[in-house]
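Since the structure comes first, as structure tokens, the remarks are kept for the end.
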Amino acid sequence: MLTAFHGQALETNNRIVMAPMTRSRTSQPGDIPNEMMAEYYRQRASAGLIITEGAPVSAIARGYSMTPGIYTPEQLQGWKKITQAVHQQGGKIFVQLWHVGRRSHANIAGSQPLAPSAISIPDQVFGPLAEGGFGMVATQQPKAMTEAEIKATTADFVQAAQNAIDAGFDGVEVHAAHGYLFDTFLRLESNQRQDQYGGNQENRMRFLLETLQALCEAIGAGKVSVRLSPYVNEGFAGEDPEIVPLTLALLEKLQPMNLAYVHFSENISRYSVVPVAFRRQVRSVYSNPIMVAGKLTRQTAQSLLDKKYADFVAFGTPFVTNPDLVARFTHDWPLAEFDADARLTLYGGGEQGYIDYPAYEV
């Protein structure tokens with residue numbers, strides 16, 4: 001984990017990545033990244049790479065209140081503080097580009113949520129409550145996207161990626177996992193379209209592939225990555241019998257793009273254990289950088305690297321309570337546990353549970 005990575009475009013000081021985590025601590029109004037967020041990321045800049053919390057690419061892309069957008073001038077100014085703070089510490093940082101799709105409500109997104117098909121499932125997101133304040137609210141019935149809306153969404157991602165580079169980011173990660181917009185296009189349960197974006201596997205991959213190709217053309221393939229979660233069923237009623245073979249077919253199409261990395265999210269929410277056979281199948285069709293995240297320990301992470309199943313290993317909640325996680329791994333210092341108190345302050349609040357976790361004292 002502690003060895004440097006030298007890829008075609010991305011180079012990092014180590015292979016330990018800070019995984020993206022929703023934190024909902026922006027300045028209001030406007031969902032603007034702020035100084036407190038800059039300090040949070042600065043403290044954790046020893047990671048080989050930081051991937052930010054999801055940043056909606058447009059107003060309609062939002063699904064959780066107080067998450068930082070990347071589509072207004074004010075938001076970009078806020079992000080610049082963050083990228084500068086990380087770079088001053090010698091770190092690298094990608095922004096995760098986000099469209100939540102049907103996992104939203106008009107009171108958050110400003111209009112009816114978008115999806116491949118007008119299909120909803122019981123779900124809740126963080127938004128404004130009728131009685132005032134914020135809390136968990138039921139998602140709303142989505143509308144099926146027109147082809148014009150699909151093209152416009154790809155354009156939103158391209159603009160967001162260009163905004164990210166202008167704000168100083170080293171690259172972008174497209175969130176195509178966890179039941180959000182792109183994931184719902186990939187899966188049979190949520191995509192019942194009859195046009196070129198639905199039906200067979202190639203059609204269901206089309207929207208994501210078109211968007212990734214557009215991003216590669218706009219900012220360079222070495223600055224583009226994607227997150228997938230074929231073994232996570234979050235946001236869906238059941239398991240998809242085709243999502244694993246579709247993912248392998250998708251990787252074959254991604255191989256010649258030479259993306260910065262493909263990021264697999266695992267072992268969260270409702271999930272199936274990833275079999276070793278899948279890791280081998282991935283490597284048989286995809287030789288470019290792979291990242292894996294999902295309740296990894298130091299030992300399981302190192303095993304993935306040793307077996308060449310991954311080139312990067314990403315940690316989420318361990319980075320919350322251990323801003324100096326890389327140093328703790330380096331020196332074999334004990335980790336501060338992510339306990340019930342940490343969970344209470346994970347998704348919102350002030351400095352407590354955000355930037356007040358101390359580094360290890362020798």
Side-chain angles (χ1 to χ4, degrees), residues 16-56 62-70 72-96 98 108 125-129 132-137 164 167-169 268 293 314-329 333-362:
I16 300 169
V17 176
M18 178 176 164
M21 291 175 283
T22 302
R23 304 307 304 273
S24 293
R25 277 176 164 87
T26 55
S27 296
Q28 301 299 318
D31 296 334
I32 300 169
N34 53 41
E35 298 282 358
M36 182 171 61
M37 291 172 61
E39 175 61 15
Y40 167 73
Y41 286 115
R42 185 199 66 77
Q43 291 174 349
R44 291 155 178 82
S46 58
L49 176 67
I50 288 174
I51 308 168
T52 73
E53 59 214 284
R62 295 176 299 169
Y64 301 81
S65 290
M66 292 190 251
T67 53
I70 190 161
T72 71
E74 294 78 13
Q75 290 165 353
L76 297 194
Q77 289 303 311
W79 281 120
K80 285 179 181 178
K81 298 175 185 176
I82 291 169
T83 59
Q84 289 167 2
V86 171
H87 289 153
Q88 285 169 0
Q89 298 297 312
K92 293 197 171 178
I93 183 167
F94 276 37
V95 62
Q96 187 183 70
W98 201 16
I108 302 169
V125 289
F126 182 71
L129 301 172
F134 292 87
M136 301 308 291
V137 298
F169 283 102
I268 66 163
F315 296 86
T317 51
F319 258 116
V320 173
T321 49
N322 300 275
D324 58 338
L325 185 66
V326 173
R328 294 193 191 221
F329 281 154
W333 295 334
L335 301 187
E337 293 299 319
F338 184 81
D339 56 19
D341 289 339
R343 193 167 298 280
L344 287 173
T345 56
L346 184 62
Y347 293 112
E351 295 184 358
Q352 182 182 358
Y354 191 57
I355 60 173
D356 61 344
Y357 289 106
Y360 184 75
E361 292 188 16
V362 181

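Predicted, not measured: the structure shown is a model, and the values here were computed from it.
Residue pairs meeting the salt bridge (Lys or Arg N to Asp or Glu O under 4.0 Å) criterion with at least one partner in residues 19-41, sequence neighbours excluded, are D31-R62, E35-K81, E39-R42.
The nearest pair of heavy atoms linking I82 to P33 is CD1-CB, 3.7 Å. Residue P358 comes nearest to D324 through the heavy atom pair O-OD1, 4.4 Å, listed as atom of the first residue, atom of the second, then distance. Here the closest heavy-atom approach between residue R44 and residue F319 is recorded as NE-O, 2.7 Å. Smallest separation of non-hydrogen atoms from F134 and P128: CD2-N, 3.6 Å. Here the shortest heavy-atom pairing between A55 and V95 reads CB-CG2, 3.8 Å. The two residues A85 and A38 have their closest heavy-atom pair at CB-O, 3.8 Å.
Remark: the backbone N or O of P68 is not paired with any side-chain donor or acceptor of Q75 at under 3.5 angstrom. No donor-acceptor distance shorter than 3.5 angstrom exists from the side chain of R328 to the backbone of P323, with no hydrogens or angles considered. Side-chain atoms of Q43 come within 3.5 Å of backbone atoms of I355 as a donor-acceptor pair (strictly under, hydrogens ignored).
Here the side chains of V17 and I50 are not in contact, with every heavy-atom distance at 4.5 Å or above. Between M66 and F126 there is a side-chain heavy-atom pair separated by less than 4.5 Å. Counting only heavy atoms from C-beta outward, the side chains of T67 and W98 approach each other to under 4.5 Å. Taking 4.5 Å as the limit, every side-chain heavy atom of P56 sits out of range of all side-chain heavy atoms of Y64. Within the 4.5 Å cutoff, the side chain of M18 has no heavy atoms near those of the I93 side chain. Contact of the L335 side chain with the T321 side chain is not registered, since no non-hydrogen atoms from C-beta on lie closer than 4.5 Å. Side-chain contact between E351 and D356 is absent, with no heavy-atom pair separated by less than 4.5 Å. Counting heavy atoms from C-beta on, the side chains of T26 and M37 come closer than 4.5 Å.
A side-chain donor from one of Y41 and E53 sits under 3.5 Å from a side-chain acceptor of the other.
The CE atom of M21 lies 7.0 Å from the OG1 atom of T317; values are rounded to the nearest 0.5 Å. For the atom pair CZ (F94) and OG1 (T52), the distance works out to 11.0 Å, reported to the nearest 0.5 Å. In this structure, CG in N322 is found 8.0 Å from CD in E337, a value given to the nearest 0.5 Å. Atoms OG1 and OH, on T345 and Y354 in that order, are 11.0 Å from each other to the nearest 0.5 Å. Here OG of S65 is found 4.5 Å from CD1 of I108. Values are rounded to the nearest 0.5 Å.
Under the 30°/60° scheme for interplanar angles, the aromatic rings of W333 and Y360 are found to lie parallel.
Aromatic rings of F315 and F329 (six-membered ring for Trp) have centroids within the 6.0 Å cut-off, being under it.
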